[in-house]
Amino acid sequence: MTKKSILTTAAALMIAADAYSQTLQSAQNMVKEGNYAEAKDFFERRVKAAPSNAANNYWYGVCCAHTGEEAKAMKYLQNAVKRKYKAAYPELTDVYMRLYRFDDAAETASDYIDLLKKGKDNNETAKAEKLERAASDAVHMFGGVEKLNVIDSVVVDKADFTEYYRISKESGRLYPAGLTEGIRSDGTAYLSELGNTMLYTALSPDSVMQIYERKKDGSDWGRTRKLPAPINGTGNSGYPYLMSDGMTIYFASEDNSIGGYDIFVTSFNTNTDSYLTPQNMGMPYNSPWNDYMMVIDEFNNLGWFASDRFQPDGKVCIYVFVPNDSRNAYNPEETDKDFLKAAASLHSFRNVQYDDKTVYRGLERLKTVIEEQARENKQRDFEFVIDDNRTYVNIYDFRNKRAQEMFLKLQQKQNQLGELQNRLDKARRKYHNGNAGVKESLTPSILDMERQEMQMLEDIRQTEKEIRNAEIGGN
């Protein structure tokens with residue numbers, strides 16, 4: 001081989017190696033950006049080509065873990081952990097949690113801490129200790145899974161999930177994010193039956209979701225009060241619900257949770273003028289996913305809570321259950337492990353209903369509630385607040401002709417806004433999943449739609465104001 005051919009071959013190899021490196025880097029970037037499905041095939045080929053390589057096992061395991069294949073992910077992440085691949089430990093801990101193998105999760109998190117301490121990595125050690133605490137708490141919860149008669153479930157879009165809570169008027173009202181009774185809320189809001197107490201979620205000045213309270217004094221809302229610790233802590237808190245006793249609050253928090261939001265309950269102690277230490281509701285209410293918005297309808301003896309366990313992005317499952325008079329837990333020593341897992345995860349809740357009579361009566365009550373609300377909703381085309389004393393539900397409620405005509409135009413504007421927002425959401429998803437060229441081409445149209453959205457929102461707010469002024473002034 002001539003000197004020239006040797007140089008040519010070497011150059012070709014360098015170019016190929018550089019191209020391969022760029023491909024690897026782009027696949028890793030896909031994973032970091034959350035595009036696991038797109039990167040999965042690439043890392044599957046790599047792990048087949050070099051099955052003992054720790055990095056290959058790690059990257060492929062991560063892709064499997066985030067595309068619904070936790071059992072497969074476990075195998076590859078275990079291989080990476082055996083080779084002390086540091087990044088694999090928290091991923092494997094998370095996979096064990098989602099597989100309800102909490103003892104294994106706690107052990108892996110503990111091994112991770114030991115590995116980090118040897119390297120004196122203090123920043124990562126704090127995160128690992130949080131993982132170990134969550135896993136240990138899950139072990140404890142799994143040892144006391146409450147027997148619960150879940151009677152129904154429905155998977156809905158998270159954006160409007162509160163609409164599916166069929167609670168009685170006596171239990172108050174739930175609202176999604178948005179303008180609620182004159183209060184701007186970035187999360188859910190709860191209004192008491194009498195309409196004089198509002199609990200809602202909003203971003204605090206330090207960009208943490210917190211729970212706030214406002215009370216009505218006569219016809220005016222009083223000053224906003226952020227609920228004190230221990231309800232609001234250092235992490236996000238939200239999804240409040242106040243029981244009819246006016247003392248007991250259910251809420252969700254990321255503080256001391258086993259994954260995302262957990263559901264907690266606390267009561268106000270009038271003797272100390274403070275809230276009691278919140279109690280984690282445990283399993284099956286809580287899981288390694290996000291669990292929130294617990295509501296107990298005492299009037300109908302039905303309960304609701306929401307969870308994104310086993311759900312794709314943007315979806316949430318609402319569970320309907322019959323509240324227990326007192327907590328009654330399974331004995332882990334006498335209960336089959338697979339059955340206990342089903343009871344804790346509610347993956348097949350009909351297989352763990354333990355009282356047929358309670359389930360039957362609960363389903364009958366739920367059916368009655370749904371039918372009654374359906375009959376009522378036939379006469380409620382919408383809800384439009386005029387003032388503190390009037391909420392219109394039908395176009396014929398308007399007494400002022402001009403206000404009526406403006407409201408019909410308002411509905412057209414709201415429909416147009418909804419169509420625009422749907423197009424904007426699709427464009428944003430396409431932008432998020434696209435390459436650089438796609439993102440560049442979509443940017444101008446997205447910015448234009450965002451400007452249109454802001455203008456339409458402002459136009460709608462102004463129209464609503466004019467409708468109220470016309471109706472009030474015309475009476």
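Treat the numbers as computed from the prediction; the structure is a model and nothing was measured. Any value given below was found using the heavy atoms of this structure, including those in side chains, with hydrogens, waters and symmetry copies removed.
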What verdict does the side chain to side chain donor-acceptor pair (under 3.5 Å) test give for Ser168 and Ser171, after you've listed the backbone C-alpha separation in whole Å, the side-chain angles of each residue and the deciding distance to 0.1 Å?
CA-CA 5 Å; Ser168 63; Ser171 298; 3.1 Å; yes
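- The pair Asp94-Arg98 meets the salt-bridge criterion, with a side-chain N (NZ, NE, NH1 or NH2) lying under 4.0 Å from an Asp/Glu carboxylate O.
- Across Tyr96, Tyr112, Tyr58, a single residue satisfies ring-ring contact (aromatic ring centres under 6.0 Å, His included) together with Tyr89, and that is Tyr112.
- Put simply, the residue from Phe42, Tyr76, Tyr36 that forms a ring-ring contact (aromatic ring centres under 6.0 Å, His included) with Tyr60 is Tyr76.
- Nearest heavy-atom pair, Ala27 versus Ala39, reported as atom, atom and distance to 0.1 Å: O-CB, 3.6 Å.
- Under a 3.5 Å cut-off, the side chain of Thr266 and the backbone N or O of Tyr275 do not form any donor-acceptor pair.
- Here Phe251 and Tyr239 keep their ring centres 6.0 angstrom or further from each other.
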Assess the residue pair Cys63 and Val31 against the criterion (side-chain contact (heavy atoms from CB on, under 4.5 Å)); give the C-alpha distance rounded to whole Å, side-chain angles, the decisive distance to 0.1 Å, and a yes or no.
CA-CA 7 Å; Cys63 290; Val31 173; 3.8 Å; yes
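- Not one N or O on the side chain of Asn269 forms a donor-acceptor pair closer than 3.5 Å with the backbone of Leu276.
- Here the CZ atom belonging to Phe339 is positioned 8.0 Å from the CG atom belonging to Asn351, to the nearest 0.5 angstrom.
- With sequence neighbours excluded, the residues that form a side-chain hydrogen bond (donor to acceptor under 3.5 Å, both in side chains) with Asn286 are Asn280.
- Using modelled atom types, one side-chain atom of Arg365 and one backbone atom of Asn300 make a donor-acceptor pair closer than 3.5 Å.
- Relative orientation of the Phe43 and Trp59 rings is parallel, given thresholds of 30° and 60° on the angle between their planes.
- Counting heavy atoms of neighbouring residues, nucleotides and ligands inside a 6.0 Å radius, atom NZ of Lys147 exceeds 12 of them.
- In this structure, the side chain of Asp245 engages the main chain of Thr248 through a donor-acceptor pair within 3.5 Å.
- Between Tyr292 and Phe161, a ring centre-to-centre spacing shorter than 6.0 Å is recorded.
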Any chance you could lay out the side-chain contact (heavy atoms from CB on, under 4.5 Å) test for Ile446 and Tyr431, step after step, and finish with the verdict?
CA-CA 9 Å; Ile446 289 175; Tyr431 178 93; 3.8 Å; yes
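- Between Lys315 and Asp308, none of the side-chain N atoms (NZ, or NE/NH1/NH2) sits under 4.0 Å from a carboxylate O, so this pair counts as no salt bridge.
- Listed by chain and residue number, Phe310 satisfy the ring-ring contact (aromatic ring centres under 6.0 Å, His included) test with His347 (two or more places apart in sequence, or in another chain).
- A salt bridge is defined here as a Lys NZ or Arg NE, NH1 or NH2 lying under 4.0 Å from an Asp or Glu carboxylate O, and Asp137 with Arg133 meets this definition.
- Here Lys48 pairs with Glu44 in a salt bridge; the nearest charged N to carboxylate O distance falls below 4.0 Å.
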Determine whether Asn196 and Ser192 satisfy the following criterion, side chain to side chain donor-acceptor pair (under 3.5 Å), listing intermediate values before the conclusion.
CA-CA 6 Å; Asn196 57 3; Ser192 64; 3.0 Å; yes
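- Salt bridge annotation for Glu453-Arg451: absent, with no cationic side-chain nitrogen under 4.0 angstrom from a carboxylate oxygen.
- The minimum heavy-atom distance between Leu77 and Ala88, with the atom names listed, is O-CB, 4.1 Å.
- Rounding to the nearest 0.5 angstrom, the gap separating the CG atom in Asn149 from the CD atom in Gln353 is 6.5 Å.
- By the 4.0 Å N-to-carboxylate-O rule, Asp291 lies close enough to Arg309 to be salt-bridged with it.
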